[in-house]
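Residue indices begin at 1 and follow the sequence shown. Start at 1 and go down the list; that is how both ligands and their atoms are numbered. A quick note: this is a predicted structure, and the numbers were derived from the prediction, not measured.
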Amino acid sequence: MRLALFGGTFDPVHYGHLRLAEEAREAVALDRVLFIPAAVSPFRTTERLSEPEHRLQMLRLATQDNFHFEVSEIEILRSGVSYTFDTVSALHQQNPDAELYLVLGTDTLQGFMAWREPHAIAQQCRLLVGVRPGYDLQTALERLPESVRQSVQAVPMTPLGISASAIRQRVREGRSIRYLTPPNVIEYIQQHRLYLEL
Ligand code: ATP
């Protein structure tokens, strides 16, 4: 089984995430993509995030119609700062026969060597990297040691310059977020009055 981990803050999930996951799935015939919202990102410990339950629920709504997509609560339940290394280790134990992949955007790859145990992660997982508009894959690759670079597989993806922060800002300003994220996610944001304050 080919199992991919796709971590992020997902505050909120949007079409950039969904296309990246779908195109990664298609590129290497993944059986399952697990969307894993972080409890607290190691690089964003001072930032205020929406409640885990909101981020999980929006992910469930966004992925419910894709048979290959699943949402994992593993980092939320572990609580505290979420390290991908711990998540990879846990999923490896739970799925000893699975081939593991990690899905990420170029911006995230740029900072990969600052993660906990990057070499061990790259040994256990192939890194499926979707090029994100405004970020150069070559620059990100040059910052990696050869052993990690070997584990990287670029995923050609439809360029979508969508970010969660731009969505939050638009909501705060009372502007439209239609076509940036699925309609059921927009409805959820409105119902729960998310992102209206800083
Ligand atoms: P924020 O704007 O709050 O920083 P974000 O939109 O970057 O959020 P994250 O949850 O931080 O979303 O991202 C999770 C993963 O998805 C990261 O690996 C990131 O690189 C990737 N990603 C996010 N948006 C896109 C996009 N538009 N195209 C390709 N990859 C993306």
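Annotation for ligand 1: atoms under 4.0 Å from non-hydrogen atoms of L104 are 18 (O). Using a 4.0 Å cut-off to heavy atoms of L160, the atoms of ligand 1 that qualify are 26 (C), 27 (N), 28 (N). Close approach to G16 involves these atoms of ligand 1, each under 4.0 Å from a residue heavy atom: 26 (C), 27 (N). Close approach of ligand 1 to R168 is summarised as follows: ligand atoms under 4.0 Å from at least one heavy atom of the residue are 3 (O). Near G7, the atoms of ligand 1 lying under 4.0 angstrom from a non-hydrogen atom of the residue are 14 (C), 15 (C). Every atom of ligand 1 with a heavy atom of M157 under 4.0 Å away is listed here by number and element: 28 (N), 29 (C). Atoms of ligand 1 lying under 4.0 Å from at least one heavy atom of A164, given by number and element, are 1 (P), 2 (O), 3 (O), 5 (P), 6 (O), 8 (O).
Using a distance-only test at 3.5 Å, with no hydrogens or angles considered, a donor-acceptor pair links the side chain of R55 to the main chain of S50. The closest donor-acceptor contact from the side chain of T106 to the backbone of L137 lies at 3.5 Å or more, if one exists at all. Side-chain atoms of R149 come within 3.5 Å of backbone atoms of L144 as a donor-acceptor pair (strictly under, hydrogens ignored).
Considering only non-hydrogen protein atoms, atom 9 (P) of ligand 1 sits nearest to H17 NE2, 3.6 Å. Residue, atom and distance of the protein heavy atom nearest to atom 30 (N) of ligand 1 are L20 CD2, 3.6 Å. What sits closest to atom 22 (N) of ligand 1 on the protein, heavy atoms only, is R132 NH1, 3.6 Å. Nearest protein heavy-atom neighbour of atom 4 (O) of ligand 1: R44 NH1, 3.2 Å. Of all protein heavy atoms, the one closest to atom 17 (C) of ligand 1 is T108 OG1, 3.1 Å. Of the protein's heavy atoms, F6 CE1, 3.5 Å lies nearest to atom 15 (C) of ligand 1. Of all protein heavy atoms, the one closest to atom 20 (O) of ligand 1 is D107 OD1, 2.6 Å.
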> Would E22 and R19 count as a salt bridge (Lys or Arg N to Asp or Glu O under 4.0 Å) if you check the C-alpha gap in whole Å, the side-chain angles of each, and the deciding distance to 0.1 Å?
Replying inline: CA-CA 5 Å; E22 179 67 359; R19 273 315 295 179; 5.5 Å; no
>> Please evaluate residues R60 and E73 with respect to the criterion salt bridge (Lys or Arg N to Asp or Glu O under 4.0 Å), reporting the C-alpha separation (whole Å), side-chain torsions for both, the decisive distance (0.1 Å), and the verdict.
In response: CA-CA 11 Å; R60 290 187 191 115; E73 297 181 30; 3.0 Å; yes
>> Apply salt bridge (Lys or Arg N to Asp or Glu O under 4.0 Å) to residues E70 and R32 and explain how you reach the verdict.
In response: CA-CA 7 Å; E70 247 177 70; R32 255 203 304 162; 3.1 Å; yes
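In the model, E23 has a side-chain atom that pairs as donor or acceptor with a side-chain atom of T158 under 3.5 Å.
Checked against a 3.5 angstrom limit, the closest N/O atoms of I162 and ligand 1 fall inside it. Residue S165 has at least one N or O atom closer than 3.5 Å to an N or O atom of ligand 1. On a distance-only criterion, G8 and ligand 1 share no N/O pair closer than 3.5 Å. Ligand 1 has an N or O atom lying under 3.5 Å from an N or O atom of F10, backbone or side chain.
Which of T9, L180, V131, L102 comes nearest to atom 10 (O) of ligand 1 through a heavy atom is settled by distance: it is T9.
The aromatic rings of H14 and H17 sit parallel, their planes meeting at an angle under 30°, below the 60° perpendicular limit.
Under the 6.0 Å cut-off for aromatic ring centres, Y188 and H54 qualify, their centroids lying closer than that.
Contacts with ligand 1 closer than 4.0 Å are made by no heavy atom of R19, backbone or side chain.
Comment: D31 does not engage R2 in a salt bridge, judged by the lack of any side-chain N to carboxylate O separation of less than 4.0 angstrom.
Distance CD/Q57 to CD/E53: 6.5 Å, rounded to 0.5 Å.
For the pair R116 and F85, the cation does not sit on the ring face, since its NZ or CZ is not both under 6.0 Å from the ring centre and inside 45° of the axis.
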